[in-house]
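Residues: numbered from 1 along the sequence shown.
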Amino acid sequence: MSQGLQFGDNNTQINIFTESSSPRTPNGLALLNDPVEILGYGELYVRAESLLKDEPAAAAELYAELSNHMDEKSFPARAEQLRARQRDAYEAARDITAAFKVTMRLLLDRYDAGRHMHSEAARAAALAEALGSPATDVAQVGAALADWFEDGYDLASVTTALDAIVAANDPLAGRLVLAVAEQIVTDEESADDPELLCTVARNLVSRLTGTLGIRLECCVADLGVRTGTDPTSAFADLTRRVYGVHLDAPLAALILRRAARALAFAGRVGDAIETYRSAVRDAAETPNHGGDARDALHSISYLSSSKNRQDMMDSARSVVTRGRLLPGADHAALSALEYLVDEELPDALRETHQWVRHERISGALLGEVVARRRYGEVFARAGEPAAAALQFVLAGAHKNAVRTAETCTEYVDVSQFLARYPYWVQSSAAAVVGVQADLAPDADVDDLAAKLLALVEASPPDSLFSRETLTHALGALAALDWRLPAEVARTLLPKLRADARRDVSRGRATEDEVLAFFAACARLDALDIVKAAVEALVEALRQQVHRAARYVGDLDPATIGLTELLDELANEGNSGAIKVLAEWHRPTSAVISAARSAAQEILDQPIGVARNSWALGNTAPLGALLLRAAFSSDGHADPEVTELRNRVAEHLLAWVEDRQDIAISRSDAVTALVILQGQLPSDLRSIVCRRLLAVHDEPGLHPNDIDQRASLHPLSRCRVDTGSEHLPAHCLYAAALAASTNEEAAAVEQRLLPALVAAVTDPIDAELRGHTAVALNRLRTLPLTVLAAHPAPAIRHAAVVCWASQADRDPGLATTFVRDSDCRVRRRLAHELARLSSENAVAPYRTILAELETDRSAQVRQVAAARRRITCS
């Protein structure tokens, strides 16, 4: 039991802080009826009511006595009602001081319970006006607490008010300073400067005892850690008391959990686990605090390797009691989840914030992580992606953080989490930087790159957690693309190349990111870096590293030394190099030879034959790519190759129609036809268009496709998604490319427009519909206003392409495109405007180009600036 703080003279003493370490089960009859009557206090209540009119001060004392009895008997709601009557009685007696103190008691009790406080905050402000300072300062802090998690706060003004409250030795100082300090500790807001708050708290700590004092000291230590103090030093005085001075076991366990959490967030996982172990022992000494022991065990499991994780979870399940020194997290969690399910987001926000606060101040690491995920989910559902991403980063939920950050149209600064945080936070922050790199301001790039470089250099290769951080940090550096600082490239390139040479199979988890980094280096202006990066990528091709061909193929063929190295590698028979040369339409002898072999593979594909197994892959698209490259730029090729191309096209068409094959395999055949469209003779293209439209209308499904779609039921545990539902849209796109007459174009349009009006936003389907619109635009003018207002970015992107191709384009639509939320749409607009050759053509778009040059997307700015350079030259 911690001693309550009291104020007032002997006749009007009011206890404002009481803690019971042993909650009791309330009387059953009292739960069903008025507890005042059932518990024997009816006469006292009648007397208080009778005194209220003529002797309100005496009535207030009786209400105070009754409310204390209700607290002792575990009826807090009835106690609150009686306390409100006590306040009314004091007001009737013109004792504004006592009325104000009771109002603040009500407000702070509601704060601790996570309930609405605005009515009490307004009442306190009104009463404080008559009392002046420090009551006005107290009311100001109360109002800030009421608005904290919904409307924000000004820490500087709140801290100034707290300083005045502490200086006045106000009896409410302890609870108020603690409430603000715990909010600041919970929120982890980088914009907050807690230095003055720390000073105020240190001045107050020596006057407090019991749980209140320990909680405030823990906050001071946490805020010290946040400003750079080592966790061991920050918690040194507290932990000395745990081991050297007798403390109640629950308080000792609280200190140890808070210290362990600080160690974990400083990246000292081993020390954190040992400190949590000590907390388990102390919490287990008290029968009523099994919940505290469970929290520590759960935290150990979160920090442990997979080998020990299950043991800790099993131990936690062995603890049957759930009592905590600081209760409230379980109730807040249940309420938060219920409000989330019901989509009552304002209440869900309040409850999840309360949940996070309870877990944080209890030092329950895993509980805090789970609560922050739900807190982030509330923000995400409410359309606040920036706030959601920050919570997901602190929770280490990098997938949620990335998904949310991808929807942000403005830069989300998470750079503060790249240093002095644990691996799960750093990893998530780096992942967010990776998807937000294009929106990072130019002025921030050097600092971001330096922090990411430090993460890469600090990540030992043998640690699973470090490897995840390394993967995301490398990916983020690569995402900076042409803005990657040259010195960072010069620092990392030799190390990454040396690692690749030592063992190409090690660290496959980071292969993609390493290749992306090499590709970013190859796009820089420094010749020494470009040369080294090109050599590294070509070596990766030589070693047949997965997806190396993709990164090489995305480079400019004019990159210094690249084509020569690829020609040499292709002549050695390297399939990756041959594929890249084919993508660049270079009909070398190696490409033509590979085209013949690939074409034969396609022709060997059985058609109309029942199968028991399927080989998934890109054999057909790759073969088509090679065949297309075997033709020269003017469309000529060896007659044998021409004849082979026609046979392959006819075979692919039959393959698309083969209902005894699965949809994904048939879609590969459609992709191959899309690649070959430009080389097909007109009569064959008409056949392709007609037959593909028939498949679009009646695609037919293989039994495996039906099973696959059934597996996607929300209640299915095993889901297989091969994209079979996209076969019709894929066929329509290929048909649009093959169309050459008004009748064929009309047939495609007849099928496309209803799909566009339906506003389908599935990313793959939308991409295919957009490609179809662009292909059809050659022959028919589409309703651009419909495309430009479509909810799918891929359709709006297509609208820009179609608009730019029209000789009588509407300049007004450019204003719509330049304000599009998706940077790909704005970048396409910049590309299309950059292609305008004459000054007269550019003139209507001067203002648009100026906007694009200052766009928040670095890629858009780069393209727009290129247009200006062309104009100037």
Side-chain angles (χ1 to χ4, degrees), residues 222 225 230-232 235 239 242 252-285 289-322 324 329-330 333 356 358-374 392-401 417 420-431 455 458-473 507 509:
D222 275 322
V225 171
D230 178 79
T232 302
F235 280 87
T239 52
V242 169
L254 173 63
I255 292 170
L256 292 170
R257 290 195 306 277
R258 293 286 288 268
R261 194 268 184 194
L263 288 166
F265 263 70
R268 293 165 56 181
V269 172
D271 293 338
I273 288 174
E274 286 306 311
T275 308
Y276 271 123
R277 289 173 66 87
S278 298
V280 172
R281 289 192 293 269
D282 280 331
E285 287 184 11
H289 292 81
D292 290 333
R294 286 165 60 95
D295 286 341
L297 287 166
H298 285 154
S299 300
I300 294 170
S301 74
Y302 183 72
L303 295 170
S304 297
S305 65
S306 57
K307 179 181 177 181
N308 298 320
R309 185 167 296 159
Q310 191 57 47
D311 290 342
M312 292 299 102
M313 294 301 286
D314 289 341
S315 295
R317 280 192 285 270
S318 300
V319 182
V320 294
T321 59
R322 301 186 63 88
R324 291 177 170 185
D330 290 341
V356 172
H358 274 295
E359 302 287 11
R360 175 65 182 90
I361 66 176
S362 291
L365 179 59
L366 180 57
E368 180 190 344
V369 164
V370 173
R372 286 196 187 278
R373 287 181 180 175
R374 299 296 168 243
F392 288 141
V393 166
L394 279 169
H398 76 266
K399 291 182 180 178
N400 303 67
F417 300 121
R420 297 199 311 274
Y421 276 89
Y423 61 83
W424 62 87
V425 176
Q426 291 178 338
S427 176
S428 299
L455 281 183
S459 299
D462 57 343
S463 167
L464 176 63
F465 299 125
S466 296
R467 197 180 309 130
E468 185 179 83
T469 305
L470 171 66
T471 298
H472 293 310

Evaluation steps, side chain to side chain contact (heavy atoms under 4.5 Å, CB included), between R324 and D330:
CA-CA 10 Å; R324 291 177 170 185; D330 290 341; 4.3 Å; yes
So, T275 side chain and A259 main chain: donor-acceptor pair closer than 3.5 Å or not?
no
Any sub-3.5 Å donor-acceptor pair from R258's side-chain atoms to I361's backbone N or O?
yes
According to the salt bridge (Lys or Arg N to Asp or Glu O under 4.0 Å) rule, which pairs have a member within residues 263-272, sequence neighbours left out?
D230-R268, R268-D271
Quick one, F265 with V225, criterion side chain to side chain contact (heavy atoms under 4.5 Å, CB included). Give me CA distance, side-chain angles, the key distance, then yes/no.
CA-CA 10 Å; F265 263 70; V225 171; over 6 Å; no
Is there side-chain contact between Y421 and L394, with heavy atoms separated by less than 4.5 Å?
yes
For H398 and H472, what are the C-alpha separation, side-chain angles and deciding distance, and is it a side chain to side chain contact (heavy atoms under 4.5 Å, CB included)?
CA-CA 10 Å; H398 76 266; H472 293 310; 3.6 Å; yes
Return the set of residues passing side-chain contact (heavy atoms from CB on, under 4.5 Å) with A272 (not counting sequence neighbours), or none when no residue passes.
L263, A264, L303
Heavy-atom closest pair (A262 atom, P231 atom, distance to 0.1 Å) is O-CG, 3.8 Å
Output all residues satisfying side-chain contact (heavy atoms from CB on, under 4.5 Å) with A279, sequence neighbours left out; order by chain, then residue number.
L256, R257, A296
Q426 and T469 side chains, donor-acceptor separation under 3.5 Å:
no
Is the closest side-chain heavy-atom distance between H298 and V369 below 4.5 Å?
no
Does the distance from a Lys or Arg side-chain N to an Asp or Glu carboxylate O, for D222 and R360, drop under 4.0 Å?
yes
Any residue meeting salt bridge (Lys or Arg N to Asp or Glu O under 4.0 Å) with R372, in chain and number order, not counting sequence neighbours
E368
Closest heavy-atom pair and its distance - A364, S299:
C-OG, 3.9 Å
Quick one: do D292 and L254 satisfy side chain to side chain contact (heavy atoms under 4.5 Å, CB included)? Show the steps, please.
CA-CA 8 Å; D292 290 333; L254 173 63; over 6 Å; no
Evaluate the side-chain proximity of I300 to V280: yes if any heavy-atom separation is below 4.5 Å, no if none is.
yes
OH of Y276 to OG of S301, rounded to nearest 0.5 Å, is 10.5 Å
CG/L366 to OH/Y302 distance, rounded to the nearest 0.5 angstrom?
7.5 Å
Under the salt bridge (Lys or Arg N to Asp or Glu O under 4.0 Å) test, which residues partner D282, sequence neighbours left out?
none
Residues at least two apart in sequence or cross-chain that pass side-chain contact (heavy atoms from CB on, under 4.5 Å) with E274, listed by chain then number, are R277
Check: F417 ring centre within less than 6.0 Å of W424 ring centre
no
Between OH of Y423 and OG of S428, what distance do you get to the nearest 0.5 Å?
10.5 Å
How many angstroms lie between atom OG of S278 and atom CD1 of I273, to the nearest 0.5 angstrom?
12.5 Å
